Amino acid sequence: MKRNLVIATVAAAALIGGGTATAFATGGDDDGAAAKSSVQLKNDDRKDDDGKDDDRDDRKDDRDDAAENTAEAKAAKVTAADAIKAALADTSGTAVSAELDDEDGGLVWDVDVLKGGAWHNVEVDPGTGKVLGSWVDKDDDGDDAAEAARVNSALKGASTSAADAARAAADKGTVTSVDLDDDGKAGVWDVETTGAKGAEADWHVGLTNGKVTADRSDSHDDRDGQDHDGSDDDGSDD
């Protein structure tokens, strides 16, 4: 459901403090004025020792990814729920998704807001909670109206908002993504969390009851909020 086409690809990145370098569009389209995130990422392109794709390299990549996930989750001082609140204060409407994202080296909360039949993208600084920029998405493929209708239909009668879903799943780990699942028969929010050791897990939060359940279809190694070593995020065994 996530409308933002910029996929976070911060492979092997490490967070550093200070400095600003990320530009964001503001105003009516993607060509607006620039703003900057207070949370910056430093590219750290690691190379395999032997250049071969083997099990050792895969394990190293997993460790690097986990370290990256942990660093990003810790750097996001602003929660997903608070980022959604800030976005809606800037642009009234219905928050349909929020994702902790890498934008040209800067970490941001990317929030999609549906207002009437128009889609708005709002960027929120995960370090300060300030809105970095907002704009109306261009309907390049002409399907925005149909998508808006589908979302409104899925949310009809819902009592759990995106922010509610983020708060409900917060005890499973640091929420890094909330997204409406309007394709399935059971209306849910899809929520992704990062554990204390960087392991990721996927959850469903009911639109009407706010109940949190594990997403058994996820491909992460750490279903049910467990890290790779089999322990819970708080370090205790089952």
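Remember, it's a predicted structure, so these values are computed and weren't measured experimentally. Worth knowing before you read on, the calculation uses all heavy atoms, side chains too, and leaves out hydrogens, waters and symmetry mates.
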Nearest 0.5 Å, what's the [atom1]-[atom2] distance between [X] and [Y]?
| X | Y | atom1 | atom2 | result |
| --- | --- | --- | --- | --- |
| Thr213 | Asn209 | OG1 | CG | 8.5 Å |
| Asp110 | Glu103 | CG | CD | 6.0 Å |
| Leu114 | Asn152 | CG | CG | 5.0 Å |
| Leu100 | Thr176 | CG | OG1 | 6.5 Å |
| Ser37 | Asp104 | OG | CG | 11.0 Å |
| Ser177 | Asp101 | OG | CG | 9.0 Å |

Begin with the C-alpha distance, continue with both residues' side-chain angles, and end with the deciding distance and a verdict on side chain to side chain contact (heavy atoms under 4.5 Å, CB included) for Asp112 and Asn121.
-> CA-CA 5 Å; Asp112 284 330; Asn121 184 248; 3.2 Å; yes
Flag, side chain of Asp143 to backbone of Ala146, donor-acceptor distance under 3.5 Å =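 Pair absent, no side-chain N/O of Asp143 close to backbone of Ala146.
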Report yes or no: does Thr70 contribute a side-chain atom to a donor-acceptor pair with the main-chain N or O of Ala66 at less than 3.5 Å?
->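 Answer holds: yes.
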Would a hydrophobic clustering, with Ile, Leu, Val, Met, Phe, Trp and Tyr connected at side-chain separations under 4.5 Å, put Leu207 with Val205?
->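 Result: yes, single cluster for both.
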Co-membership, hydrophobic cluster, residues Leu180 and Val188, 4.5 Å side-chain |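 As far as the 4.5 Å side-chain criterion goes, Val188 and Leu180 are not connected within one cluster.
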Of the non-hydrogen atoms in [X] and [Y], which two are nearest, and what is the gap between them?
| X | Y | result |
| --- | --- | --- |
| Lys36 | Asp125 | O-OD2, 3.9 Å |
| Trp189 | Ala95 | CH2-O, 3.6 Å |
| Asp144 | Asp141 | OD1-OD1, 4.3 Å |
| Ser38 | Gly127 | OG-CA, 3.7 Å |
| Val111 | Ala98 | CG2-CB, 4.1 Å |
| Val212 | Lys172 | CG1-CE, 4.0 Å |

Please tell me if the side chains of [X] and [Y] come closer than 4.5 Å, counting only heavy atoms from C-beta onward.
| X | Y | value |
| --- | --- | --- |
| Ser134 | Glu123 | no |
| Glu192 | Trp203 | no |
| Val122 | Trp109 | no |
| Val108 | Val124 | no |

What residues, two or more places apart in sequence or in another chain, satisfy side chain to side chain contact (heavy atoms under 4.5 Å, CB included) together with Val175?
->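 By the side chain to side chain contact (heavy atoms under 4.5 Å, CB included) rule, Val175 matches Ala80, Ala166, Ala169, Val178, Val191, Thr193.
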Do Asp190 and His204 meet the criterion of a side-chain donor-acceptor pair at a distance under 3.5 Å?
->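 Yes, side-chain donor-acceptor contact under 3.5 Å.
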For the residue pair Asn69 and Thr194, confirm or rule out a side-chain donor-acceptor distance under 3.5 Å.
->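 Not at all, the side chains of Asn69 and Thr194 share no donor-acceptor pair under 3.5 Å.
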Worked verdict on Arg167 versus Asp164 for salt bridge (Lys or Arg N to Asp or Glu O under 4.0 Å) | CA-CA 5 Å; Arg167 284 188 286 267; Asp164 293 335; 2.8 Å; yes
